[in-house]
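Let me begin by presenting the structure, written as C-alpha cells, before commenting on it.
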Number of protein chains: 2
Amino acid sequence: MPPERKPFRRIGPDQRRDAMIDAMLSLIAEEGMAAATTRAVAARAGVTPGLIRHYFDSKDALLSAAYERHMSALTAATCGPHQGRSAAQRLARFVAAGLRAPVTSAEAVSLWAGFLAHVQHGGAMQDTHAATYAEFRDHLQALIADALVEAGRAVPEPALRRHAIACNAVIDGLWLEGGMLPDAFAPGELARIGLDSVSAMLDLALTPDMIEEEDTP
Amino acid sequence: MPPERKPFRRIGPDQRRDAMIDAMLSLIAEEGMAAATTRAVAARAGVTPGLIRHYFDSKDALLSAAYERHMSALTAATCGPHQGRSAAQRLARFVAAGLRAPVTSAEAVSLWAGFLAHVQHGGAMQDTHAATYAEFRDHLQALIADALVEAGRAVPEPALRRHAIACNAVIDGLWLEGGMLPDAFAPGELARIGLDSVSAMLDLALTPDMIEEEDTP
DNA sequence: CGGCTAATTGTGCAACTGTATAATTACTGC
DNA sequence: GCAGTAATTATACAGTTGCACAATTAGCCG
C-alpha cells in the first residue's frame, strides 16, 4: 500500500498568496503575533508549511505583505473617495469613516498592535509604515486646508500643520480606545465625539447631518 | 582542578527582582519583545537563567511584573501631584507632563508597543491594563470637572464624560506620534499643541505660562 | 568557628521554530 | 494521450526557547 499523501488542487498563484496572507492576518488578530508561526499559518490556509517558502522568500516577507495589505485596507476605507458637496462635508466624512467599523474595530486594532512592535525594530515594514502614516496625515491636512479656505479663513502653513497634527491625534486616540474597549462606547458615539472635537479645534462647524447617507441617486 | 564556577554575591531579594525587571524592560525597549528571552534577560541582569525561575513563577510572571512597573511609572509621572494655584493650572500641567519626556519618548512608546500585543491576548496583564487606563481617565475627568466648575460652568455628567474621552484621545494620539517620530517635533511643540487642543475642546483658556516652573520656593 | 538555609549556578531536555531540499503530483500545451 | 513544468507535499535539520532539577556556595546565626 502506497503511503497516503494529501491530495491537493492547484489554484491560481495570486489566490494562494492571498489565502496565506488572509491566514496570517486572521491568526494575528485572533491569537496574537506569537501564535502566527509558519506551521499555524499553513494549517489555516489549508496547505503544507513548505509551500509558504515557495511563495515568500521568508516568513518576514509574508509578514510584510500582510502588514501592507492591512494598512492599505485601513487607508482605503478612511481616505477613500468621500463625495461631498462642500469641503467641510468631505472632512466630516473622513473623520467619521475612521471612527466607525470596520476601521475602528477590535480586529483592526489588534492587528495593528501585533505589527507595531515589529515595525519599530527593523525590517522592510518601516517603509510601509512611513508611507501609510504620511499618506493619512497629508490627506487630512489637505481636507482641513480646503475646509478652512471654504470658510474664508486664510491659515498660514505652520498653523495648518499643527491643526493636522492635533486632528490626527484625536482620531488616532479615539480609534485606539474604540478598538481596545469595544463595549465602552455606544455605536456612533466615537464618530460624534471625533466630529465635535475637530469642530472645536478648527473652530469650524462639522455637524452630524453631514455624514448621513444620501438617498438621492 | 575543580571546574571553575561563576562567583556570585547574594544581594537583597527585592534588589534582584528589580534587576531582572530592569533587564527585561531595557531589552524590550531596545531590541523588541522577541529578543527578550529568559537567557537574554538573565545575561543582562548578570545572572544565570535558572535564577529567573527562582524569583518568578514563569516568564509570563516576569513580563507581568515588568508591565506593571512600566505603566505605574508612566502614570506616576503624569498623574503625579501637580501643584497649582488654580484647577485650570493643574489641568494644564497634567496635559503638559504627559507630552514631555520621559513620558513621551521613543523608549516609553516602544515599551508600550511591545506589551500591547501581549495585553490583548490573555494573561494577568489585562487587569493591569484596565486599572491603568481607568486611573488615567478618571484623573483627567476630575481635573476637567474642577477646571470647568472653577470657570463657573455647570457641565452635566454625560458631556463631562465625552470631554474626558476626547481629551484623553488627543493626549494619547500626540503621545504616540511623539514617541514614534521623535524627530518630527520640536521640543515643547507637542505640549503646546496638546494645550491648544484641550483649550479649544473645553472652550477654556489653558495658557503656556501655566506650565512654567515656579522659582519662588 | 561550624552548620543551615536559601540564593545561585550549571546542565539537560522536550518542544517548537524557520528553513532547506528532495520527492511527488496536478495541470498545460501540444 | 503524453510529456514537461511548476505547484505542492513530505521529511529532515540545526538552532532556540522555556523550564525542571540537582549541585554548589555565600551569608547568617549560634
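By convention in this document, chain letters (A, B, ...) are assigned in the order of the sequence lines, proteins followed by strands, and residues within each chain are numbered from 1. Side chains are part of it too, since the values below use all heavy atoms of this structure and drop only hydrogens, waters and symmetry mates.
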Report, one line per pair, each donor and acceptor closer than 3.5 Å where one atom sits in a side chain of residues 21-34 of chain B; sequence neighbours left out.
{"from": "D22(B)", "atom 1": "OD1", "to": "R69(B)", "atom 2": "NH2", "distance (Å)": "2.2"}
{"from": "S26(B)", "atom 1": "OG", "to": "D22(B)", "atom 2": "O", "distance (Å)": "3.3"}
{"from": "S26(B)", "atom 1": "OG", "to": "A23(B)", "atom 2": "O", "distance (Å)": "3.2"}
{"from": "S26(B)", "atom 1": "OG", "to": "R44(B)", "atom 2": "NH1", "distance (Å)": "3.0"}
{"from": "E30(B)", "atom 1": "OE1", "to": "R44(B)", "atom 2": "NH1", "distance (Å)": "3.1"}
{"from": "E30(B)", "atom 1": "OE1", "to": "R44(B)", "atom 2": "NH2", "distance (Å)": "3.3"}
{"from": "E30(B)", "atom 1": "OE2", "to": "R44(B)", "atom 2": "NH1", "distance (Å)": "3.4"}

Pick out the pairs of N or O atoms, protein on one side and nucleotides 4-7 of chain C on the other, that lie under 3.5 Å.
{"from": "dA6(C)", "atom 1": "N3", "to": "R10(B)", "atom 2": "NH2", "distance (Å)": "3.1"}
{"from": "dA7(C)", "atom 1": "OP2", "to": "H54(B)", "atom 2": "NE2", "distance (Å)": "3.3"}
{"from": "dA7(C)", "atom 1": "O4'", "to": "R10(B)", "atom 2": "NH2", "distance (Å)": "3.0"}

Open item on the list: side-chain contact (heavy atoms from CB on, under 4.5 Å), that's the test. Do V170(B) and S197(A) meet it? Break it down for me.
Closed with: CA-CA 9 Å; V170(B) 206; S197(A) 301; over 6 Å; no
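- Not counting sequence neighbours, T48(B) has no partner by the side chain to side chain contact (heavy atoms under 4.5 Å, CB included) test.
- Across the protein-nucleic acid pair, L27(B) atom CG and dT17(D) atom P stand 11 Å apart, rounded to whole Å.
- Pairs engaging residues 167-190 of chain A under the ring-ring contact (aromatic ring centres under 6.0 Å, His included) rule: W112(A)-W175(A) [sequence neighbours left out].
- Regarding D60(B), its CG atom lies at a distance of 8 Å from the P atom of dC19(D), rounded to whole Å.
- For A92(B), the side chain to side chain contact (heavy atoms under 4.5 Å, CB included) test picks out L195(B), L206(B), M210(B), I211(B), with sequence neighbours left out.
- Between S58(B) and P7(B), the residue whose closest nucleotide on DNA chain D is further toward the 5' end is S58(B).
- Judged as a ring-ring contact (aromatic ring centres under 6.0 Å, His included), the pairs with a partner in residues 45-79 of chain A (not counting sequence neighbours) are, in order, Y67(A)-F115(A).
- Rounded to whole angstrom, the span from the NZ atom of K59(A) across to the C1' atom of dT17(C) amounts to 8 Å.
- Between M20(B) atom CE and dG18(D) atom C1' there is a gap of 15 Å when expressed in whole angstrom units.
- Closest to the side chain of R5(B), from the set dT24(D), dT19(C), dG18(D), is dT24(D).
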Result block: side-chain N/O donor-acceptor pairs under 3.5 angstrom for residues 95-111 of chain B, not counting sequence neighbours:
{"from": "T104(B)", "atom 1": "OG1", "to": "G98(B)", "atom 2": "O", "distance (Å)": "2.7"}
{"from": "S105(B)", "atom 1": "OG", "to": "P102(B)", "atom 2": "O", "distance (Å)": "3.0"}
{"from": "S105(B)", "atom 1": "OG", "to": "A108(B)", "atom 2": "N", "distance (Å)": "3.2"}
{"from": "S110(B)", "atom 1": "OG", "to": "A106(B)", "atom 2": "O", "distance (Å)": "3.1"}

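- Rounded to whole Å, the distance from NZ on K6(A) to P on dA10(D) is 7 Å.
- Of the residues in residues 62-70 of chain A, none lies under 4.0 Å from DNA chain C by heavy-atom distance.
- Among residues two or more places apart in sequence or in another chain, the side chain to side chain contact (heavy atoms under 4.5 Å, CB included) test is passed with A159(B) by V155(B), P156(B), R162(B).
- In terms of the side chain to side chain contact (heavy atoms under 4.5 Å, CB included) criterion, S72(A) has no residue partners (sequence neighbours excluded).
- Note: CD1 (I52(A)) to C1' (dT21(C)) measures 16 Å, nearest angstrom.
- Within residues 28-50 of chain A, the residues having any heavy atom closer than 4.0 Å to DNA chain D are, in order of number, R39(A), V47(A), T48(A), G50(A).
- With R93(B) contributing its side chain and Q83(B) its backbone, the two residues share a donor-acceptor pair below 3.5 Å.
- The side-chain hydrogen bond (donor to acceptor under 3.5 Å, both in side chains) contacts involving residues 182-193 of chain B comprise R161(A)-E189(B), where partners must be two or more places apart or lie in separate chains.
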